[in-house]
Enquirer: 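Structure below; questions to follow.
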Amino acid sequence: MQYVNFDKTAAYRQLADYAASWKGFDFRAALDVDRVRKCQAIMAGGLTYSWAAKAVDDGALKLLKALADEQELIAKYKALLDGEVMNTGEKRKVLHQLSRGEQGQPVVENGKNIGEFYRGELRRFCEFSEHVHSGKLKGATGRAFTTVVQIGIGGSDLGPRAMYLALENWAAAGGKKKLDAKFISNVDPDDASAIMASVPLEQSLFVLVSKSGTTQETLANELFVKDKLQKAGLDSAKHVVAVTSETSPLARNPAYLDSFYIDDYIGGRYSSSSAVGGCVLSLAFGADAFKEFLAGAANADRLALEPDILKNAALLDALIGVWERNFLGYPYTAVLPYSQALSRFPAHLQQLDMESNGKRVNRSGEPIAYNTGPVVFGEPGTNGQHSFYQLLHQGTSAVPLQFIGFAESQRGDDVTVDGSVSQTKLKANLAAQIVAFAKGQTDADLNRDFPGGRPSSLIWGKRLDPAALGSLLAHYENKVMFQGFVWNINSFDQEGVQLGKILTKKVLAGNSGDSALDEYSRILGV
């Protein structure tokens with residue numbers, strides 16, 4: 001296998017030449033029933049990916065297939081699964097897929113079978129959740145737990161929070177909700193204070209998540225929580241569990257009710273399928289629901305090994321994204337789920353994509369001369385339609401769109417107004433937006449003229465349940481991974497978050513050595 005800068009490949013030059021002579025894509029003529037039916041790829045978890053409304057034709061797809069072959073995307077994915085060092089910056093393996101099922105060879109490090117380790121932790125925290133649900137484990141005053149609160153930041157918050165909100169209504173409708181879940185992330189004391197005031201302390205279990213055991217914001221929030229527990233006369237050792245690495249100061253610590261382990265092979269933004277997400281999700285919804293989520297993700301990982309790009313939704317989505325970013329010149333992409341359950345999913349994808357592929361050097365640390373990851377943003381529909389869709393429809397810059405929708409609501413609770421139920425109205429809005437963005441509208445009054453030509457994809461399924469959610473999560477994780485391989489960058493470190501942390505410590509220690517930093521600190525009252 002070779003790791004080559006994108007602009008040094010033959011496929012790059014061919015795509016650049018094709019794009020230069022390309023006359024664009026006529027959505028008004030081309031987007032018809034045949035294209036909509038043809039341009040689909042089956043995903044795991046009962047989902048389907050459609051690229052019918054993307055500005056890509058057969059010629060571009062042929063060249064994108066050649067790019068996938070030249071950059072050996074499937075071979076590199078297999079190497080990742082087999083435990084090759086893919087995080088070149090930190091010289092680590094990348095094994096988040098292994099937390100939901102073995103797709104490659106068994107991964108062994110210093111005689112330790114990593115897959116067995118992950119499966120062992122899965123059994124442990126699932127068993128722990130069952131003991132909480134049965135009442136075998138209770139709080140300091142002997143009352144059963146009714147609430148779980150996760151304390152973490154970044155990947156220890158965004159993914160697990162998004163996954164919890166995505167399944168909360170599904171679980172409530174099916175009688176599968178075990179505990180309410182809350183999340184504390186920001187070091188802003190108003191965050192922790194509001195959460196602590198909203199939960200019954202005697203019946204609350206706290207999940208402290210820090211791989212290193214040294215995350216500044218998380219440890220500050222832990223002390224905030226423990227102070228509140230102590231003032232309420234509660235023994236925090238009977239109300240707090242830790243999710244951390246085996247080498248952190250939180251490991252095997254009698255200050256916690258229990259500890260569950262992760263390792264450096266699973267990055268924070270990729271950790272929802274590990275104990276980072278699994279502990280809180282199994283406590284909230286039960287072990288079976290979390291295992292269904294893992295199965296959906298594992299099946300998506302398996303489909304991502306398909307070499308035919310038209311049958312591999314994650315790979316195709318990645319390649320079309322490269323076409324848009326590098327050859328059509330689109331620097332942004334919007335994630336627009338027409339499902340309130342996915343209200344925080346775009347925020348998770350912001351971190352997943354922008355922290356992974358927001359890089360300006362290649363895997364060897366050398367500067368690159370082409371664009372990498374796009375800016376990602378989004379909100380649920382139909383809220384977004386009454387917010388930023390104006391710019392998307394009629395602004396001066398086209399923004400590729402990623403729609404997500406479902407045939408059925410999670411609760412099934414609805415009302416008929418003007419001849420249709422709300423879920424039908426939601427789906428009608430989604431269908432209308434796809435076509436409105438693509439085909440636009442011609443009007444002599446330019447204020448009412450819609451240029452169209454705004455490309456979009458659609459992922460849809462019958463209903464958002466754990467398997468569908470696992471599939472959706474893995475789809476985007478694998479999309480980001482494939483794009484990183486195309487661009488020859490390291491999608492698995494995040495040095496860009498470190499400088500601010502270093503300067504913060506200097507400010508707090510009172511020795512920044514930078515007059516501007518000192519003045520900003522003085523203005524803010526540090």
Enquirer: Is the ring centre of Phe388 less than 6.0 Å from the ring centre of Phe377?
Expert: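 For Phe388 and Phe377, the ring centres are under 6.0 Å apart.
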Enquirer: Does either side chain, that of Ser99 or that of Ser273, offer a donor lying less than 3.5 Å from an acceptor on the other one?
Expert: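 Looking only at side-chain atoms, Ser273 and Ser99 do form a donor-acceptor pair, the distance falling under 3.5 Å.
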Enquirer: What I want to check is whether the side chains of Asn169 and Gln340 have a donor and an acceptor closer together than 3.5 Å.
Expert: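 On atom types as modelled, these side chains do not qualify, holding no pair under 3.5 Å.
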Enquirer: Under a 3.5 Å cutoff, is there a donor and acceptor pairing between the side chains of Ser491 and Ser356?
Expert: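 Distance-only check fails for Ser491 and Ser356.
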Enquirer: Would you say Tyr77 and Asp82 are linked by a side-chain donor-acceptor pair, where the criterion is simply a distance under 3.5 Å?
Expert: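 Result is no, nothing qualifies.
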Enquirer: Which label fits Tyr49 and His475: parallel for a plane angle under 30°, tilted from 30 to 60°, or perpendicular past 60°?
Expert: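 The rings of Tyr49 and His475 sit tilted, inter-plane angle from 30° to 60°.
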Enquirer: Are the charged groups of Lys93 and Asp264 less than 4.0 angstrom apart, N to O?
Expert: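 Asp264 and Lys93: not salt-bridged.
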Enquirer: What do you reckon, are the aromatic ring centroids of Phe285 and Phe293 less than 6.0 Å apart?
Expert: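 No.
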Enquirer: Is a side-chain N or O of Gln40 found less than 3.5 angstrom from the main chain of Val36, in a donor-acceptor match?
Expert: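 Such a contact is found between Gln40 side chain and Val36 backbone.
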Enquirer: May I ask you to check whether Phe492 and Tyr270 place their ring centers less than 6.0 Å from one another?
Expert: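 Between Tyr270 and Phe492, which both carry aromatic rings, the centre distance is below 6.0 Å.
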Enquirer: Verify the distance criterion only: is there a donor paired with an acceptor across the side chains of Gln14 and Asp17 at less than 3.5 Å?
Expert: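 Checked: Gln14/Asp17 side chains show no N/O donor-acceptor pair below 3.5 Å.
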Enquirer: Looking at Asp34 and Lys38, is there a salt bridge between them, counting it only when a charged N and a carboxylate O are closer than 4.0 Å?
Expert: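 Asp34 and Lys38: not salt-bridged.
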Enquirer: Using every non-hydrogen atom in the two residues, find where Arg463 and Gln410 come nearest and quote the distance to one decimal.
Expert: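 In terms of heavy atoms, the two residues are closest at NH2-O, 2.9 Å.
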Enquirer: Where the side chain of Lys311 meets the backbone of Ile42, is there a donor-acceptor pair that is under 3.5 Å apart?
Expert: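 Such a contact is absent between Lys311 side chain and Ile42 backbone.
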Enquirer: Is the NZ atom of Lys62 crowded by more than 12 outside heavy atoms at less than 6.0 Å?
Expert: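 Atom NZ in Lys62 is not crowded, with 12 or fewer foreign heavy atoms closer than 6.0 Å.
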Enquirer: Within the side chain of Gln150, is there an N or O that forms a donor-acceptor pair under 3.5 Å with the backbone of Ser156?
Expert: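 Yes, Gln150 side chain to Ser156 backbone: donor-acceptor pair under 3.5 Å.
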Enquirer: Between Lys359 and Asn490 (side chain of the first, backbone of the second, donor and acceptor by atom type, cut-off under 3.5 Å), is there such a pair?
Expert: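 Yes, Lys359 side chain to Asn490 backbone: donor-acceptor pair under 3.5 Å.
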Enquirer: Checking side-chain polar atoms at under 3.5 Å, does Trp487 have a donor or acceptor matched by the opposite partner on Asn371?
Expert: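 Side chains of Trp487 and Asn371: no pair found under 3.5 Å.
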Enquirer: Is any side-chain N of the basic residue among Lys112 and Glu109 closer than 4.0 Å to the acidic one's carboxylate O?
Expert: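 Salt bridge absent between Lys112 and Glu109.
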Enquirer: Do other residues, nucleotides or ligands put more than 12 heavy atoms under 6.0 Å from Arg363 CZ?
Expert: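 Counting other residues, nucleotides and ligands, CZ of Arg363 exceeds 12 neighbours.
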Enquirer: Around atom NZ of Lys65, are there more than 12 heavy atoms from other residues, nucleotides or ligands closer than 6.0 Å?
Expert: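 Result for NZ/Lys65: enclosed.
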Enquirer: Below 30° counts as parallel, above 60° as perpendicular, anything between as tilted: where do the rings of Tyr370 and Tyr12 land?
Expert: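 If you compare the ring of Tyr370 with that of Tyr12, the planes turn out tilted.
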Enquirer: Between the main-chain N or O of Ala468 and the side-chain N or O of Asp465, is there a donor-acceptor pair closer than 3.5 Å?
Expert: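 Confirmed, Asp465 side chain pairs with Ala468 backbone.
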Enquirer: Is it true that atom OH of Tyr18 has more than 12 heavy atoms of other residues, nucleotides or ligands lying nearer than 6.0 Å?
Expert: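 It does: Tyr18 OH has more than 12 such atoms within range.
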Enquirer: Taking the six-membered ring of Phe27 as reference, does the NZ or CZ atom of Lys54 fall below 6.0 Å from its centre and within a 45° cone about the axis?
Expert: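 Checked: cation-pi criterion not met.
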Enquirer: Closer than 3.5 angstrom, by distance alone: can the side chain of Arg454 be matched with the main-chain N or O of Ala438 as a donor-acceptor pair?
Expert: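 It does not hold such a pair.
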Enquirer: Evaluate side chain to side chain donor-acceptor pair (under 3.5 Å) for Arg269 paired with Gln494, printing each intermediate quantity in order.
Expert: CA-CA 10 Å; Arg269 58 194 176 275; Gln494 57 283 332; 2.6 Å; yes
Enquirer: Would you indicate whether the side-chain heavy atoms of Leu349 and Gln351 approach each other to under 4.5 Å?
Expert: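 No. Closest side-chain heavy atoms not under 4.5 Å.
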Enquirer: For the pair Trp323 (side chain) and Ala55 (backbone), establish whether a donor and an acceptor sit closer than 3.5 Å, ignoring hydrogens and angles.
Expert: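 The answer is yes, because a donor-acceptor pair under 3.5 Å joins these two groups.
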Enquirer: Any idea how Tyr338 and Tyr389 line up, ring-wise: parallel (<30°), tilted (30 to 60°), or perpendicular (>60°)?
Expert: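 Rings of Tyr338 and Tyr389: tilted, 30 to 60°.
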Enquirer: How far apart are the closest heavy atoms of Ile434 and Ser456, and which atoms are they?
Expert: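 The pair with the smallest heavy-atom distance is CG2-OG, 3.7 Å.
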Enquirer: Within the side chain of Gln71, is there an N or O that forms a donor-acceptor pair under 3.5 Å with the backbone of Val4?
Expert: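 Between the backbone of Val4 and the side chain of Gln71 there is a qualifying donor-acceptor contact (under 3.5 Å).
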Enquirer: Classify the angle between the aromatic ring planes of His393 and Phe450 as parallel (below 30°), tilted (30 to 60°) or perpendicular (above 60°).
Expert: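 Plane angle over 60°, so perpendicular.
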Enquirer: Are there over 12 heavy-atom neighbours, none belonging to Gln2, within less than 6.0 Å of that residue's CD?
Expert: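 12 or below, so no.
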Enquirer: Are there more than 12 heavy atoms of other residues, nucleotides or ligands under 6.0 Å from atom CZ of Arg360?
Expert: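 For Arg360, atom CZ is not crowded (no more than 12 foreign heavy atoms under 6.0 Å).
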